[in-house]
Student: 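Take this structure first; my questions come after.
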Amino acid sequence: NEGILEATMSSQSVITFFTINQKNAEDAKNAIGNLDDSNALLLLSVFDTRKTVKDAATERAKKINVDSNPEEEKKGDA
């Protein structure tokens, strides 16, 4: 099916998404700053309509990716 992304994730990731999604934008941004759940970050960056939250989730996901695989950052700078 074109345009459909199927993702498998834990119920905890979904709960985390809804918990953060219900916060005001500033509180959500602060919560995202400590979040290590890449699936919840994906949901937030795709489904939350607030630019502040989308940007925070995207930036946090990038940071987690770089922290877990520092070689990728080196390749990107070459």
Side-chain angles (χ1 to χ4, degrees):
N1 292 329
E2 190 173 323
I4 296 176
L5 170 67
E6 290 187 34
T8 303
M9 60 190 65
S10 71
S11 59
Q12 187 58 49
S13 294
V14 176
I15 291 168
T16 300
F17 162 74
F18 281 110
T19 300
I20 292 174
N21 187 255
Q22 292 176 11
K23 296 178 182 283
N24 67 46
E26 193 59 35
D27 289 345
K29 182 180 173 182
N30 291 335
I32 288 167
N34 298 317
L35 188 59
D36 291 327
D37 184 338
S38 59
N39 288 321
L41 289 168
L42 173 66
L43 288 174
L44 287 162
S45 67
V46 172
F47 293 110
D48 199 301
T49 58
R50 300 167 292 179
K51 183 176 179 357
T52 303
V53 176
K54 282 181 169 292
D55 291 348
T58 300
E59 288 305 310
R60 181 65 181 158
K62 287 179 186 175
K63 182 172 180 1
I64 290 172
N65 228 3
V66 168
D67 288 349
S68 67
N69 194 358
E71 289 300 314
E72 287 299 315
E73 184 177 8
K74 290 178 187 173
K75 290 178 188 173
D77 292 342

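This one's a predicted model, so the numbers in the text were calculated from it and none came from an experiment.
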Student: Report whether Val46 and Ile64 are members of the same hydrophobic cluster (ILVMFWY, side-chain heavy atoms less than 4.5 Å apart, transitive linking).
Tutor: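 In one cluster: yes.
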
Student: Please enumerate all residues that pass salt bridge (charged side-chain N to carboxylate O under 4.0 Å, His left out) together with Asp36, with sequence neighbours excluded.
Tutor: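 Salt bridge (charged side-chain N to carboxylate O under 4.0 Å, His left out) check on Asp36 returns Arg60.
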
Student: Partners of Ser13 by side-chain hydrogen bond (donor to acceptor under 3.5 Å, both in side chains), sequence neighbours excluded?
Tutor: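 Residues passing side-chain hydrogen bond (donor to acceptor under 3.5 Å, both in side chains) with Ser13: Ser10, Asp37.
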
Student: With rounding to the nearest 0.5 Å, note down the distance linking CG in Leu44 to CG in Asn21.
Tutor: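 The CG atom of Leu44 sits 6.5 Å away from the CG atom of Asn21.
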
Student: With rounding to the nearest 0.5 angstrom, report the CG to CZ distance, Asn39 to Phe17.
Tutor: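 Reported to 0.5 Å precision, the distance equals 12.5 Å.
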
Student: Can you sort out the partners of Lys54 under salt bridge (charged side-chain N to carboxylate O under 4.0 Å, His left out), two or more places apart, ordered by chain and number?
Tutor: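 So Lys54 forms no salt bridge (charged side-chain N to carboxylate O under 4.0 Å, His left out) with any residue.
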
Student: Got a sec, which residues hit side-chain hydrogen bond (donor to acceptor under 3.5 Å, both in side chains) with Thr58, two or more places apart in sequence or on another chain?
Tutor: none

Student: I'd like a table of donor-acceptor pairs (distance under 3.5 Å, sequence neighbours excluded) in which one partner is a side-chain atom from residues 28-35, with atom names and distances.
Tutor:
residue	atom	partner	partner atom	Å
Asn30	ND2	Glu26	O	3.3

Student: Give the cluster check for Val14 versus Leu41: same hydrophobic cluster or not, with ILVMFWY residues linked at side-chain heavy-atom distances below 4.5 Å.
Tutor: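 In one cluster with Val14: Leu41, yes.
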
Student: Restricting to non-hydrogen atoms, name the atom on Met9 and the atom on Leu43 that form the minimum distance, rounded to 0.1 Å.
Tutor: SD-CD1, 3.5 Å

Student: Let me confirm one number: the CG-CG distance from Asp55 to Asp48, rounded to the nearest 0.5 Å.
Tutor: 10.5 Å

Student: Would Val53 and Lys23 count as a side chain to side chain contact (heavy atoms under 4.5 Å, CB included) here? Give the steps.
Tutor: CA-CA 10 Å; Val53 176; Lys23 296 178 182 283; over 6 Å; no

Student: Please enumerate all residues that pass salt bridge (charged side-chain N to carboxylate O under 4.0 Å, His left out) together with Lys63, with sequence neighbours excluded.
Tutor: Asp67

